[in-house]
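So the structure is just underneath, and the comments pick up after that.
Any value given below was found using the heavy atoms of this structure, including those in side chains, with hydrogens, waters and symmetry copies removed.
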Amino acid sequence: MRYVSTRGRAPVLDFEDVLLAGLAADGGLYVPERWPEFSRDELASFRGRDYPEVAHAVISRFTGDAIETAKLRSIVDAAYAGFGHAAVAPLAQLGPNHWLLELFHGPTLAFKDIALQVLGRLYDHVLERHDAHVTIVGATSGDTGSAAIEAVKGRERVSIFILHPAGRVSEVQRRQMTTVGAGNVHNIAIEGTFDDCQAMLKAMFNDPGFRDELRLSGVNSINWARIVPQVVYYVTAAAALGGPDVPVSFSVPSGNFGDVFAGFVAQRMGLPVERLVVASNENDILTRALTTGDHRLTEVTPTLSPSMDIQVSSNFERLLFEMHDRDAEYTAGLMRQLAEHRAFRIGDDAAATVRSLFHAGRCSESETLETIAAVHRDTGMVIDPHTAVGVAVAGRLRGPRGIPMVTLATAHPAKFPDAVERAIGIRPALPDRLAGLYEREERCTMLPNDLPAVMDHIREHAA
Ligand SMILES: *Cc1c(COP(=O)(O)O)cnc(C)c1O
C-alpha cells in the first residue's frame, strides 16, 4: 500500500514511513493512493467476531506488506488486552434505534486510546527493526496528549513532548499527562490556545533542519496511522446492528475531523453508511463549512467540551482532497488561502459530492448540559459533555427512523466531572484503575506562545 500527500509535492511513502513521518514534507497529509475495499461477504463475516480480529482485518488492508500478519495480530491483541471492557468498543442502547458506541474503556478514558495503543506498539516494532530513535512532538486539546503519553511512556526509542494550552484542559486531563513520571515524557503548557499549539507543531515539522536533527514524528491525527485503527469501530458497530444488510448512521463529536474522517474511510471501503453527522460545539467551523461552503476561521471559544475547542481542523484537508477529485494542486491552493486570508470557499459542485453523506450541526453550551440531564433522566446513563454534543445533534439530524443511529461516546464522564456535576448534580467517580491520580506529583514546563523558545526547550531535553 502506497501513500500520497494531499498537496502532491512530497515523496510517495509506504506505511512504515508514513507512520514515522506524520506530516508530509510538503505540509500536506498522507492518504492511501487508493481505498482498499471490503466485499459484502467480508463485511458480513465480521458479525460476532472479536474486536481484535476485525481490527486486524481492517488495519492489515492499510499496512500492506510493511508489517507481517502474525506481528500485526500480536500488536492488536496487546493493544486491547488492557481495556476495561471485553468487547473493547461496546454498544449501549440510548433510545429507539439510537445507540451509544462506548469508546472510552482504554487506559486514559477517551477514544484516542483505541488508536494510540496500537500506534505505540507499531512504533516499537518499526524502530527496533531500524535500530532508530524518534522524538514525538504532539499538540493536545486534552485527550491526545495523555493517550499518546500512556502509549509510549518508558520506551527507550522514543522521547515525547506534548504541548497543551495552559488552563484550557480539565484537571483530570492535565494530571493524566503530568503525573506519569517517566524519563522520556515531557509536558509543555503553552500560554495560548490549542490552535496556537497546533500551529507551532506544524511549523516544527515544516522546518527540515529541526525535523531531521531530532527525527520528529507526530501522533496527532495528521498521522495517517492514527486514522486507521479508528475505522475499525465503525465496522464492528455496523456489523452488530445488521450491516452490511442495513445501512447505519453515525453521529460524531468532532474537532480535528479525524474521527469522522475514519467513518468516511469505512464508507469508502464499502461499509453501507446512510449518513455521518458532524457534531460541533460552539466552535462550529466544520458545521459552517459543510452547510454553507464558507470555511472561515474565528476565535476559539472555551466550552464544556474542550477536546473540540478547535478552529483549524487538520483532517478536513483530507476531505477537501477527496471532494476535489484528489486534485492536489487545488487542495494546496485552498490551504494557502487559509494561511493568507483565514478563509476559503468550497465550490457548490465539490460540496454536493459530500453533502449527501455528511450532515453537520452545532450544539450550544446550554444544550450540552440539557442533553446530559435528559439522558440521565430517561435512561439512568451518565454521558460526558463531548458525547452530549453528539447525542444532541443526532437528535436533530437523525434521518430515516428505520436506520440505526450510532452516537460515538468519545470520553468517560469522569474525565469531565465539573460539567457533569453542573448538569445532573452527580460527580462521576474515576474507575479504580485511575485511583491516585489526584495525589501524584505533577511535572510540566510552562512556556510562552513563542516558537523559538519551544524549539530550544525540545532540543535541550530530547534524548
Ligand atoms: C479528540 C476528541 C474529540 C474530537 O475528535 P476529532 O478526531 O479531533 O474530531 C471528541 N471528543 C473527545 C472526548 C476527544 O478526545
Open item on the list: Do Q198 and S314 make a side-chain contact, defined as non-hydrogen atoms from C-beta onward lying under 4.5 Å apart?
Closed with: yes

- [ ] Please step through salt bridge (charged side-chain N to carboxylate O under 4.0 Å, His left out) for the pair D207 and R211, ending with a clear verdict.
- [x] CA-CA 6 Å; D207 179 331; R211 189 176 68 215; over 6 Å; no

Task: Ion pair E171/R175, N-O distance below 4.0 Å - done: yes

- [ ] Could you tell me whether F250 and Y234 have their ring centroids closer than 6.0 angstrom?
- [x] yes

Task: Full working for ring-ring contact (aromatic ring centres under 6.0 Å, His included) between F416 and H386 - done: CA-CA 9 Å; F416 303 95; H386 303 78; 4.6 Å; yes

TODO: Check step by step if ring-ring contact (aromatic ring centres under 6.0 Å, His included) holds for F62 and F15.
DONE: CA-CA 7 Å; F62 292 97; F15 183 83; 8.2 Å; no

Task: D384 with K415: basic N within carboxylate O range, under 4.0 Å - done: no

- [ ] Evaluate side-chain contact (heavy atoms from CB on, under 4.5 Å) for V406 paired with V248, printing each intermediate quantity in order.
- [x] CA-CA 7 Å; V406 177; V248 177; 3.7 Å; yes

Open item on the list: I'd like to know if the side chain of E365 pairs up with that of N281 as donor and acceptor (distance under 3.5 Å, no hydrogens or angles considered).
Closed with: no

Open item on the list: Nearest 0.5 Å, please: how far is CZ in F261 from CD in E322?
Closed with: 5.5 Å

Task: Exercise: do S217 and Y123 side chains pair donor with acceptor under 3.5 Å - done: yes

- [ ] Assign the ring pair H186 / H461 to parallel, tilted or perpendicular, where the plane angle (0 to 90°) is split at 30° and 60°.
- [x] tilted

Task: Distance, nearest 0.5 Å, that separates OG of S307 from CG of D143 - done: 3.5 Å

TODO: Determine which pairs satisfy side chain to side chain donor-acceptor pair (under 3.5 Å) with at least one residue from residues 388-411, sequence neighbours left out, and list them in order.
DONE: H98-T407, E367-R396

- [ ] With sequence neighbours excluded, tell me which residues meet salt bridge (charged side-chain N to carboxylate O under 4.0 Å, His left out) with R121.
- [x] none

TODO: Go through the structure and list residues passing salt bridge (charged side-chain N to carboxylate O under 4.0 Å, His left out) with R427, not counting sequence neighbours.
DONE: D418, E421

Task: Interatomic spacing from OG1 in T108 to CE in M177 - rounded to 0.5 Å - done: 10.0 Å

TODO: Taking the six-membered ring for Trp and the full ring for Phe, Tyr or His, determine whether the centres of F344 and H295 are under 6.0 Å apart.
DONE: yes

- [ ] Kindly determine whether E282 and T303 satisfy side chain to side chain donor-acceptor pair (under 3.5 Å), including the steps that lead there.
- [x] CA-CA 7 Å; E282 291 185 356; T303 71; over 6 Å; no

- [ ] Tell me, please, which residues at least two apart from R422 pass side-chain contact (heavy atoms from CB on, under 4.5 Å).
- [x] L304, L369

TODO: Could you walk me through whether F46 and F38 pass ring-ring contact (aromatic ring centres under 6.0 Å, His included), step by step?
DONE: CA-CA 11 Å; F46 293 147; F38 283 123; 5.3 Å; yes

TODO: Give, for atom OG1 of T193 and atom CG of N283, the distance between the pair rounded to the nearest 0.5 Å.
DONE: 10.0 Å

TODO: Would you please say whether a donor-acceptor pair under 3.5 Å links the side chains of S280 and T287?
DONE: yes

Check: residues 441-448 side-chain donor-acceptor pairs under 3.5 Å, at least two apart:
{"residue": "E442", "atom": "OE1", "partner": "R174", "partner atom": "NE", "Å": "2.9"}
{"residue": "E442", "atom": "OE1", "partner": "T178", "partner atom": "OG1", "Å": "2.6"}
{"residue": "E442", "atom": "OE2", "partner": "R174", "partner atom": "NH2", "Å": "3.0"}
{"residue": "R443", "atom": "NH2", "partner": "A182", "partner atom": "O", "Å": "3.4"}

TODO: List for me each residue that meets side-chain contact (heavy atoms from CB on, under 4.5 Å) alongside R288, sequence neighbours excluded, and say none if there are none.
DONE: D284, I285, R296, T298, Q311

TODO: Could you check whether the rings of W35 and W224 sit parallel, tilted or perpendicular, using 30° and 60° as the cut-offs?
DONE: tilted

